2 protein chains.
Amino acid sequence: MARKSGSDGKKTARELRAAATRLFAKFGYAAVSMRQIATEVGVQAGALYLYTPDKQTLLFQIMDRHMDELLEAWRAELAGVAGDAMAKLEHFVRFHIRFHLNRGDEIFISYMELRNLTPENFALIEAKRRAYEGLLGDILQEGNASGRFALCDTKLSSYAIIAMLTGVSTWYKGDGRLSLDQIEEIYLCMVRGLVSQGGPISAGAGKGFM
Amino acid sequence: MARKSGSDGKKTARELRAAATRLFAKFGYAAVSMRQIATEVGVQAGALYLYTPDKQTLLFQIMDRHMDELLEAWRAELAGVAGDAMAKLEHFVRFHIRFHLNRGDEIFISYMELRNLTPENFALIEAKRRAYEGLLGDILQEGNASGRFALCDTKLSSYAIIAMLTGVSTWYKGDGRLSLDQIEEIYLCMVRGLVSQGGPISAGAGKGFM
DNA sequence: TTGCTATTTGAACGCCTGTTCAGTTAGCTT
DNA sequence: AAGCTAACTGAACAGGCGTTCAAATAGCAA
């Protein structure tokens with residue numbers, strides 16, 4: 001046997017990416033072998049090398065595409081939003097949760113497998129990650145400048161908000177007690193409080209952190 | 001050559017744990033070989049099996065000890081705290097940041113290598129993790145009950161707070177622009193706002209999430 | 001000095017790894 | 001029917017994997 005009946009390069013390439021994403025997310029890049037991926041795709045390991053130069057590139061492309069889609073999706077989303085910083089922030093929260101819940105595998109890989117990238121590939125992904133954090137950071141600064149927010153440090157706040165939002169994908173199961181809408185609302189409550197700092201107890205206490 | 005001069009089993013056992021922790025954190029469990037660990041310790045691979053039954057146990061013990069120390073340290077900390085829920089929460093925030101920043105490797109492993117545990121080992125670690133989340137959850141519920149906090153969902157809030165606090169260890173470098181004390185204060189500001197929900201804008205808006 | 005135990009080596013086990021490549025076939029074009 | 005290309009197989013390569021174990025040595029007790 002050599003070529004299989006009904007074989008199609010484009011389809012195999014797609015399935016390779018899909019299988020790699022699934023397996024990397026489940027078992028980790030280092031723990032998954034090319035033969036394992038090949039089995040999932042339904043071909044022999046050698047055939048994979050028609051569609052990727054090597055295993056490392058496979059990992060990098062999954063992450064790189066994820067970051068591109070994330071940045072592109074947010075730019076598209078933001079284009080349709082008029083309003084103050086709070087309106088933008090609320091949009092961001094909803095967007096981030098919703099986007100990531102539909103891509104559990106990619107997000108998992110993007111956070112867990114950074115250390116398995118070569119230094120050059122790591123630098124590329126890291127730059128895109130920083131760009132995304134910066135987009136939230138801009139909103140926070142705008143809110144601080146307009147007096148709407150009262151954040152001590154917008155950079156740390158962007159880290160904190162992204163970390164808590166991304167954390168949703170570690171426990172969310174589609175069949176849980178809460179719907180996606182409810183989760184969005186709950187996180188919105190928390191983020192609104194977080195950026196307003198202090199709340200009822202020491203409302204408007206100032207911007208310094210001491 | 002066989003036994004080495006000055007050799008000491010207790011010391012080798014300690015160095016094995018230390019080397020495994022360091023390497024697992026840096027490269028990931030699956031990517032690190034027993035020979036690599038042995039080189040770090042300064043012995044041949046075979047010698048490691050006097051101090052661990054296998055590689056999996058090595059990983060499990062690192063995580064298990066970490067969770068035990070975390071739970072024990074927090075219990076000790078809480079014992080000395082009198083005050084309302086806000087006082088306890090502030091203590092928790094400081095404690096969590098401080099504890100984890102001193103153990104970057106262990107925390108990294110505990111979050112990244114869960115999927116490399118056998119199902120039985122995973123269940124044991126997961127139980128301890130839930131216990132820790134529950135300790136924060138108790139504080140949040142106490143605060144909600146006393147009217148001090150205005151959280152929509154204490155369970156989700158405990159996830160969110162732990163996620164944002166733990167996130168610190170992903171970017172913290174001891175030589176950064178902020179001191180540990182400053183970081184604690186900034187996160188305290190955010191957490192206070194988060195639990196107070198809505199802040200100056202809609203202070204005391206209620207507990208329902210809609 | 002002899003004996004005993006703790007500690008380690010170094011080789012070996014069978015199996016798996018990422019990657020390459022000559023050879024084979026499916027399906028289309030001429 | 002012949003030729004061509006896209007798609008794939010299956011074997012091979014050199015090396016690494018976790019783990020085991022007989023043999024050897026260090027340091028102490030008798």
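Note that the coordinates shown come from a computational prediction; the quantities given were computed from them, not determined experimentally. In the text below, chain A, chain B and the rest are named by the order of the sequence lines, each starting its count at 1.
- For the pair B/Arg129 and B/Glu126, the salt-bridge criterion is met [side-chain N within less than 4.0 Å of a carboxylate O].
- In the set D/dC17, C/dT8, D/dT19, D/dC17 carries the atom at the smallest distance from any side-chain atom of B/Gln36.
- The side chain of A/Tyr51 places an N or O atom within less than 4.0 Å of a non-bridging phosphate oxygen (OP1 or OP2) of D/dC8.
- In terms of phosphate contacts, B/Thr12 brings a side-chain nitrogen or oxygen within less than 4.0 Å of OP1 or OP2 of C/dT8.
- A salt bridge links A/Arg94 with A/Glu185; the closest basic N to acidic carboxylate O contact falls under 4.0 Å.
- Within the structure, every side-chain polar atom (N or O) of A/Ser33 is placed at least 4.0 Å from both OP1 and OP2 of C/dC16.
- No hydrogens or angles were tested; on distance alone, nothing pairs the side chain of B/Arg35 with the base of D/dG16 as donor and acceptor under 3.5 Å.
- Put simply, the side chain of B/Arg3 and the base of C/dT5 share no donor and acceptor less than 3.5 Å apart.
- When rounded to the nearest whole Å, the span between CE of A/Met34 and C1' of C/dT17 equals 11 Å.
- For A/Asp8, the listed nucleotide lying nearest its side chain is D/dA7; candidates were D/dA7, C/dT24, D/dC17.
- Heavy-atom distances to DNA chain D give each of B/Ser5 and B/Gly46 a nearest nucleotide, and the one nearer the 5′ end belongs to B/Gly46.
- One atom, CG of B/Leu48, and another, P of C/dG10, lie 14 Å apart when rounded to the nearest Å.
- Minimum atom distance to the side chain of A/Gln44 is reached by D/dG10, of the listed C/dT8, D/dG10, D/dG27.
- Contacts of A/Val32 with the nucleic acid, taken as non-hydrogen atoms under 4.0 Å apart, involve only primed sugar atoms and P, OP1 or OP2.
- Inter-residue side-chain proximity for A/Leu194 and A/Phe149 is flagged as unmet; no heavy-atom pair is nearer than 4.5 Å.
- Using a 4.0 Å heavy-atom distance criterion, B/Gly9 is classed as a sugar-phosphate-only contact.
- Comparing atom distances between the A/Val43 side chain and each of D/dC8, D/dG27, C/dG27 picks out D/dC8 as nearest.
- Looking at A/Arg103 and A/Glu69, a side-chain N of the basic residue comes within less than 4.0 Å of a carboxylate O on the acidic one, giving a salt bridge.
- Mapping A/Ala47 and A/Ala30 onto DNA chain C by nearest heavy atom places A/Ala30 closer to the 5' end of the strand.
- Atoms OH (A/Tyr49) and P (D/dG10) sit 18 Å apart, rounded to a whole Å.
- Going from atom NZ of B/Lys11 over to atom C1' of C/dT8 covers 14 Å, rounded to whole Å.
- Between B/Lys4 and the phosphate of D/dT25, there is no side-chain N or O to OP1/OP2 separation shorter than 4.0 Å.
- Applying the side chain to side chain donor-acceptor pair (under 3.5 Å) test to pairs two or more places apart or on separate chains, those with a residue in residues 25-41 of chain B are B/Arg22-B/Glu40.
- What separates NZ of B/Lys10 from P of C/dT8 is a distance of 13 Å, to the nearest Å.
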